[in-house]
Amino acid sequence: MARQGTLRIGLAGLGSIGVQVARLLDAGIDGLTLAAVAASDQDKARQRLEGFRTQPRIGTLDALSDTDVVVEMLPARAFADIARPTLERGATLVVASAGALLSHMDLVDVARRTGGRIIVPSGAILGLDAVRAACEDRVASIAIETRKSPASLAGAPYLAQQGIDVHALRTATTIFRGNAEEAARAFPANTNVAAALALAGLGPRETEIRVIADPAVDRNIHTITVESAVARFTSHIDIVPNPENPRSGQLTSRSIIACLRDMVSPVRIGT
Ligand SMILES: NC(=O)C1=CN([C@@H]2O[C@H](COP(=O)(O)OP(=O)(O)OC[C@H]3O[C@@H](n4cnc5c(N)ncnc54)[C@H](O)[C@@H]3O)[C@@H](O)[C@H]2O)C=CC1
Ligand SMILES: O=C([O-])CC(=O)C(=O)O
């Protein structure tokens, strides 16, 4: 268990987000210890962690079983493999694959029963604090537009199902309109932002999303529009994609670190 005042952090996945989170933790944050890392290729993981000041345990998902907080940064299909055991033992789960959580909402009951916690950081989205505040009153609509380059959308199951070749597009094209629940199935690696927005606000079926493939952009761009009784607002963010995995942007690892910092900081800023 935790040494007094120190949370032992376990990382599930050492891909484009996981490796950044590992580096930022190893740089040193008072009260947080990088205790264990789960990777599918453990030799590669060892290479990636070479030169770290502290060497965490490296293994399969089981290696995370005595950590206080598990940060899930896996492909959506592997989400439940770490989410369920972590919550069953009453630990805290920080979720990157927010879209995958939408089809495992029974985990909320598991957390309630065991005293575990599910924390969804803002990730690649801007304005969840205001969305949550607005939802304390009447909200008429919440919508998100996600605009990405073909390289950042390639590989999504929906594209194959619909026979859409995003690399052949010459102009910005709306390739999907639906709600956050439908989007999570259609674009499991591209619409976690819509899922987080849905969980913060009106729920997956009432959160509208439009996905645009735009060959002219080199950022992952998300625009949220909220109409509510207490405020009308729009948030807009252009995120630099990760070179290793352009579907994911470079803000999410930093959002996870800010979220972990909140767990041990005496001061908390924002909703
Ligand atoms: N919440 C948000 O705003 C955002 C969420 N994401 C999501 O975060 C997740 C992680 O993203 P990336 O790091 O870019 O993905 P990635 O594909 O680069 O990394 C995932 C890693 O998990 C590893 N992995 C797969 N199965 C495993 C297992 N059973 N045990 C241990 N490791 C395993 C893979 O080998 C890979 O290294 C994805 O689901 C992505 O869609 C991405 C961007 C923003
Ligand atoms: O923009 C990003 O970094 C990733 C993204 O759209 C998502 O996962 O929803």
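Index from 1, following the sequence. For ligands, and for the atoms within them, numbers begin at 1 and follow the listed sequence.
Where the criterion is an N or O separation shorter than 3.5 Å, residue side chain and backbone included, Ala124 fails it with respect to ligand 2. Of the N or O atoms in Ile239, none lie within a sub-3.5 Å distance of an N or O in ligand 2. Not one N or O of Asn190 is nearer than 3.5 Å to an N or O of ligand 1, by distance alone. Checking only distances, Asn242 never comes within under 3.5 Å of ligand 1, N or O to N or O. For ligand 1, one of its N or O atoms has an N or O atom of Ser16 under 3.5 Å away. The shortest N or O to N or O distance between Ala39 and ligand 1 is not under 3.5 Å. Checked against a 3.5 angstrom limit, the closest N/O atoms of Ser97 and ligand 1 fall inside it. Not one N or O of Ala98 is nearer than 3.5 Å to an N or O of ligand 1, by distance alone. Where the criterion is an N or O separation shorter than 3.5 Å, residue side chain and backbone included, Thr252 fails it with respect to ligand 2.
At a heavy-atom cutoff of 4.0 Å, ligand 1 is contacted by the side chain of Leu61 but not by its backbone. By the criterion of a heavy-atom distance under 4.0 Å, both the backbone and the side chain of Val193 are placed next to ligand 2. With a 4.0 Å cut-off on non-hydrogen atoms, Leu251 does not touch ligand 2 at all.
Among protein heavy atoms, atom 3 (O) of ligand 2 sits closest to Gly249 N, 2.6 Å. Counting only heavy atoms of the protein, atom 13 (O) of ligand 1 lies nearest to Ile17 N, 2.9 Å. Counting protein heavy atoms only, atom 4 (C) of ligand 2 is closest to Arg247 O, 3.3 Å. The protein heavy-atom contact nearest to atom 44 (C) of ligand 1 is Thr252 OG1, 3.1 Å. Considering only non-hydrogen protein atoms, atom 20 (C) of ligand 1 sits nearest to Met73 O, 3.5 Å. Nearest to atom 3 (O) of ligand 1 among the protein's heavy atoms is Ala124 N, 2.8 Å. Remark: minimum distance from atom 7 (C) of ligand 1 to any protein heavy atom is reached at Asn192 ND2, 3.5 Å. In terms of protein heavy-atom proximity, atom 1 (O) of ligand 2 is nearest to His222 NE2, 2.7 Å.
Counting atoms of ligand 1 from 1 in the listed order, those under 4.0 Å from a heavy atom of Gly123 are 3 (O). Proximity to Asn192 (heavy-atom distance under 4.0 Å) selects the following atoms of ligand 2: 7 (C), 8 (O), 9 (O). Every atom of ligand 1 with a heavy atom of Asn245 under 4.0 Å away is listed here by number and element: 12 (P), 14 (O), 15 (O), 16 (P), 17 (O), 18 (O). For ligand 1, the atoms closer than 4.0 angstrom to any heavy atom of Ser248 are 11 (O), 12 (P), 14 (O), 42 (C), 43 (C). Under a 4.0 Å criterion applied to the non-hydrogen atoms of Ala38, ligand 1 contributes the atoms 31 (C), 32 (N). Heavy-atom contacts of Ser40 reach the following atoms of ligand 1: 23 (C), 24 (N), 31 (C), 32 (N), 33 (C), 34 (C), 35 (O) (cutoff under 4.0 Å). Per-residue contacts place Ser248 under 4.0 angstrom from the following atoms of ligand 2 (heavy atoms of the residue considered): 3 (O). Taking a cut-off of under 4.0 Å to the non-hydrogen atoms of Ala189, the atoms of ligand 1 that pass are 41 (O). Of all the atoms in ligand 1, the ones that sit under 4.0 Å from a non-hydrogen atom of Pro75 are 20 (C), 22 (O), 24 (N), 25 (C). Taking every non-hydrogen atom of Thr191 and a distance limit under 4.0 Å, the qualifying atoms of ligand 2 come out as 7 (C), 9 (O). Residue contact check: Gly15 has heavy atoms under 4.0 Å from atoms 13 (O), 18 (O), 19 (O), 21 (C), 37 (O) of ligand 1.
To the nearest 0.5 Å, the span separating CG on Leu24 from CD1 on Ile256 amounts to 10.0 Å. Rounding to the nearest 0.5 angstrom, the gap separating the CZ atom in Arg219 from the CD atom in Gln250 is 9.5 Å. Note that CD1 of Ile125 is 6.5 Å distant from CG of Leu197, once rounded to the nearest 0.5 Å. Ser248 contributes atom OG, which lies 10.0 Å from atom CD1 of Ile239 (distance to the nearest 0.5 angstrom).
The closest side-chain heavy-atom distance from Ile212 to Thr174 is below 4.5 Å. Taking 4.5 Å as the limit, every side-chain heavy atom of Asp214 sits out of range of all side-chain heavy atoms of Ile221. Residues Arg117 and Val69 fail the side-chain proximity criterion, which asks for heavy atoms closer than 4.5 Å. For the pair Val71 and Ile9, the minimum side-chain heavy-atom distance is below 4.5 Å.
Nearest-heavy-atom check against atom 33 (C) of ligand 1 across Asp41, Leu14, Leu74 picks out Leu74. Closest heavy-atom approach to atom 1 (N) of ligand 1 among the candidates Ala45, Gly18, Ala96: Ala96.
None of Leu153, Asn220, Ile209 except one satisfies the side-chain contact (heavy atoms from CB on, under 4.5 Å) rule with Thr146; the exception is Ile209. Considering Glu145, His236, Arg147 in turn, His236 is the only one that fulfils the side-chain hydrogen bond (donor to acceptor under 3.5 Å, both in side chains) rule with Thr223. Across Leu11, Ile82, Thr92, Val95, a single residue satisfies side-chain contact (heavy atoms from CB on, under 4.5 Å) together with Val70, and that is Ile82.
Ligand 2 does not have Thr146 within reach: every non-hydrogen atom of the residue lies 4.0 Å or more from it. Close to ligand 2: Lys148, with a non-hydrogen atom less than 4.0 angstrom away.
Under a cut-off of 6.0 angstrom, the local environment of CD in Gln162 is crowded, with over 12 non-hydrogen atoms contributed by other residues, nucleotides or ligands.
Ring geometry for His104 against Phe79 counts as tilted: the plane angle lies between 30° and 60°, on a 0 to 90° scale. Ring geometry, Phe176 versus Phe187: the interplanar angle exceeds 60°, so the pair is classed perpendicular (tilted spans 30 to 60°).
Side-chain atoms of Gln20 and Arg254 form a donor-acceptor pair, as typed in the model, at a separation below 3.5 Å. A donor atom on one side chain and an acceptor atom on the other are found under 3.5 Å apart for Ser97 and Glu72.
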**Message:** Let's go through Asn190 and Val211 carefully: what are the C-alpha distance in whole Å and the side-chain angles of both, what is the deciding distance for side-chain contact (heavy atoms from CB on, under 4.5 Å) to 0.1 Å, and is it a yes or a no?
**Reply:** CA-CA 9 Å; Asn190 303 97; Val211 179; over 6 Å; no
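Ionic pairing of Asp26 and Arg23 is not present here: no N-O contact between side-chain nitrogen and carboxylate oxygen is shorter than 4.0 angstrom. One finds no salt bridge joining Asp62 and Arg57 here, because no Lys/Arg side-chain nitrogen approaches an Asp/Glu carboxylate oxygen to under 4.0 Å.
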